[in-house]
Asker: 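Dumping the structure here so I can ask a few things about it.
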Number of protein chains: 2
Amino acid sequence: MLGNFTYSNPTKLYFGKDSLNGLNEELPKYGKNVLLVYGSGSIKKNGIYDEVIKILKANNKEIFEDAGVMPNPTVEKLYEGWLRAKKGNVDFILAVGGGSVCDYAKAVSVSVYCEDDPWEKFFLRMEDVDNKIIPVGCVLTMAGTGSEMNGGTVITNHDSKLKIGHVFGENVFPKFSIMNPVYTFTLPKYQMTAGFFDIMSHILEQYFSGTDDNTSDYIMEGLLKSLIHSSEIAVKKPDDYEARSNIMWISTWALNTLIAKGKSTDWMVHMIGQSVGAYTDATHGMTLSAISIPYYKYIMPYGIEKFKRFAVNVWNINAEGKSDVQIANEGLACMEKWMKEIGLVMSIKELGVTEDMLDGIAKSSFILEGGYKVLNHEEIISILKESMKA
Amino acid sequence: MLGNFTYSNPTKLYFGKDSLNGLNEELPKYGKNVLLVYGSGSIKKNGIYDEVIKILKANNKEIFEDAGVMPNPTVEKLYEGWLRAKKGNVDFILAVGGGSVCDYAKAVSVSVYCEDDPWEKFFLRMEDVDNKIIPVGCVLTMAGTGSEMNGGTVITNHDSKLKIGHVFGENVFPKFSIMNPVYTFTLPKYQMTAGFFDIMSHILEQYFSGTDDNTSDYIMEGLLKSLIHSSEIAVKKPDDYEARSNIMWISTWALNTLIAKGKSTDWMVHMIGQSVGAYTDATHGMTLSAISIPYYKYIMPYGIEKFKRFAVNVWNINAEGKSDVQIANEGLACMEKWMKEIGLVMSIKELGVTEDMLDGIAKSSFILEGGYKVLNHEEIISILKESMKA
């Protein structure tokens, strides 16, 4: 754990089959006017909407609805929520949905009292929030983004082909999150496995950085092993409570700042994946899966020791009598096999990327410097080309 | 992650070589009168005392000193601190020291405004705190107890031969903790390794419970592997910053409620160890180490699957062609070897226990029911006898 850092996470988690009751403990702490944010309406089909409305009413809340949050929330939607929250003089935002809904709720929460254009201030210029923030609570219906216990929010601007994430501080973290694994049972398989890989990628992009001996890496190996094991069960039996609950818990701890402590962190797969998302509107987790194998194969020689460790500690590769590269390759081969088995997308072609987009996608990918290799434009192009061929 | 639970941890951690600067961010949040709690005065020798005083004065605090907190804080000392805090009309308690000092500070913080006898209310009757609590902050100088990020406090009553821990809720958790691994460098080897085993025991007593597939177990395996690795380095080179920083971080996460999630948890080694402590005043971590091998050998058949997993995942035992018991025994043999190598006490005899004490120690050991085997009086006696022979 080299370097100086602080750790603080104020989000309270209510976990388990009865966790929705936590709303009754939390709602009385906030004002009367509640903006209820949700997505395409699946919560109306599975009954969660009715249960939440009942609890809100029992707590004498005035409900302002903001439905239709899309999988990659757009800047236009943000402006819409901003207006709605302002009009309702909203005291509290309750997000009911997956990571996109939570992300969006946080973006609205910092935007309502922002006197500038929130897209320009928080995303283009990446400025900190210096205005009043409306508190947010989440009822999570999908595991993947970790948005339920962090300050992250990602907004997409289709006109300028930009999908940008801003990681806000603790004041923007949800005050609480309700995590009932049963809510994730009804998710279509494509969204479910995309979420699994989003979690995987969050862990890997923190793991594959640094060369020191760091407890965070040991924690991550534990999380990865549990994720791999439980996801294999969940794809066969989506209503396996034990597996889905483990995955929901891993998802939160993969991106709530803990495992980043003492790490430089990479995040290039997210940068390239987000750029693919801005061009195709593809499901976030699948943009990451389609990039990962070409990316990790490319950077492996620059972080060979860690890739060896990954192979042995996460994939139980027997290292005896093998060269470093052989061991590292066997680890990546196991990962690729697992990815295919659980049904992940392995090529950006399948997500709608065409050859003419590659240059633009590479240009829109922010270059970060925390990983084992700082990429240039040509290297991103070659990784994208590898994915096209997969 | 079966069952319902909540997770919330409000303690802010400042970690690293420059972490003492965190005091300047935190102290302005609290009132003028500060009770400065510390132990035998080693912080005066290593300069930490002077640094803390300088920062307190720069923040215009009125300082009330409460020195001489002993390794196992006594009920008499608690009454003393209670009076001192009351007299000083104290707004904030700053604990500078190891786990005992942090424990004691929390005990004082809940006692000052308690209208009942705090020993009887909080320890004998185990009641919750329902009075005003004085906020606590910690500057940690020793890794082991995890007291810096939890609500735990242990007080010893020598007259009645009772050493009782009370785990309070989030309102009693330290508001912040300063964790500078360098502060742990000057600790005598005996205290250092006792702390290492206290951490080990915290993890093991949560790990050896439950039979479900639970992400918490995977996280614990990671923490254990990092602890074993770093402690082997630290005993050879106590000023190895990397190793000491990892150990300090593991210590916090071993007992800040995270890894208990979804677990029933055991804690019988702590119950017996605390009883040994009440009879001998021995160093806490050494009472645990002297009990552990006899205890785990005894309960192993009742939790054989988990002991096998422990052997394979933590100690890298090759399971091929071996019986369950053989694998489990090889894991415990590795643990015993590691314990001896880092210099832990393996027998309660060495801690001053005599044959005539055994019955009393067993009687004072609270029986808990979360582990693989609920012990009776005779079984505790036989475990104690095994330790006497070691």
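Convention: sequence-line order gives letters A, B, ...; per-chain numbering from 1.
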Asker: Can you list every ring pair (Phe, Tyr, Trp, His ring centres under 6.0 Å) pair that touches residues 208-228 of chain A, not counting sequence neighbours?
Answerer: A/Phe208-A/Tyr296, A/Phe208-A/Phe307, A/Phe208-A/Phe310

Asker: Any idea which of A/Glu170, A/Met179, A/Glu242, A/Arg244 has the most non-hydrogen atom pairs under 4.5 angstrom with chain B?
Answerer: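 With the most close heavy-atom pairs to chain B, the winner is A/Glu242.
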
Asker: Of all of B/Met220, B/His229, B/Glu221, which one pairs up most often with chain A through heavy atoms under 4.5 Å apart?
Answerer: B/His229

Asker: Could you have a look at B/Asp217, B/Asp213, B/Leu2 and say which one has the most heavy-atom pairs with chain A under 4.5 angstrom?
Answerer: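 If we count pairs closer than 4.5 Å to chain A, B/Asp213 comes out on top.
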
Asker: Can you tell which part of A/Met149 gets under 4.5 Å to a heavy atom of chain B, answering side chain, backbone, both or neither?
Answerer: side chain

Asker: Any idea which heavy atoms bring A/Met1 and B/Asn246 closest together, and the distance?
Answerer: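 In this case the closest contact between A/Met1 and B/Asn246 is N-OD1, 3.0 Å.
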
Asker: For chain A, which residues from residues 230-241 of chain B have at least one heavy atom closer than 4.5 Å to it?
Answerer: B/Ser230, B/Tyr241

Asker: To the nearest 0.5 Å, what is the distance between OG1 (A/Thr215) and CE (B/Met248)?
Answerer: 12.5 Å

Asker: Working to the nearest 0.5 angstrom, can you tell me the gap between A/Thr6 OG1 and B/Asn21 CG?
Answerer: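 CG of B/Asn21 is found 12.5 Å from OG1 of A/Thr6.
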
Asker: Applying a heavy-atom distance below 4.5 Å, give me the residues of residues 7-15 of chain B that approach chain A, sorted by number.
Answerer: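 Listed by number, the contacting residues are B/Tyr7, B/Ser8, B/Asn9, B/Thr11, B/Lys12, B/Leu13, B/Tyr14, B/Phe15.
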
Asker: Name all residues meeting the salt bridge (charged side-chain N to carboxylate O under 4.0 Å, His left out) criterion together with B/Lys322; count only those two or more places apart in sequence or in a different chain, and write none if there are none.
Answerer: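 Applying salt bridge (charged side-chain N to carboxylate O under 4.0 Å, His left out) to B/Lys322 gives B/Glu330.
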
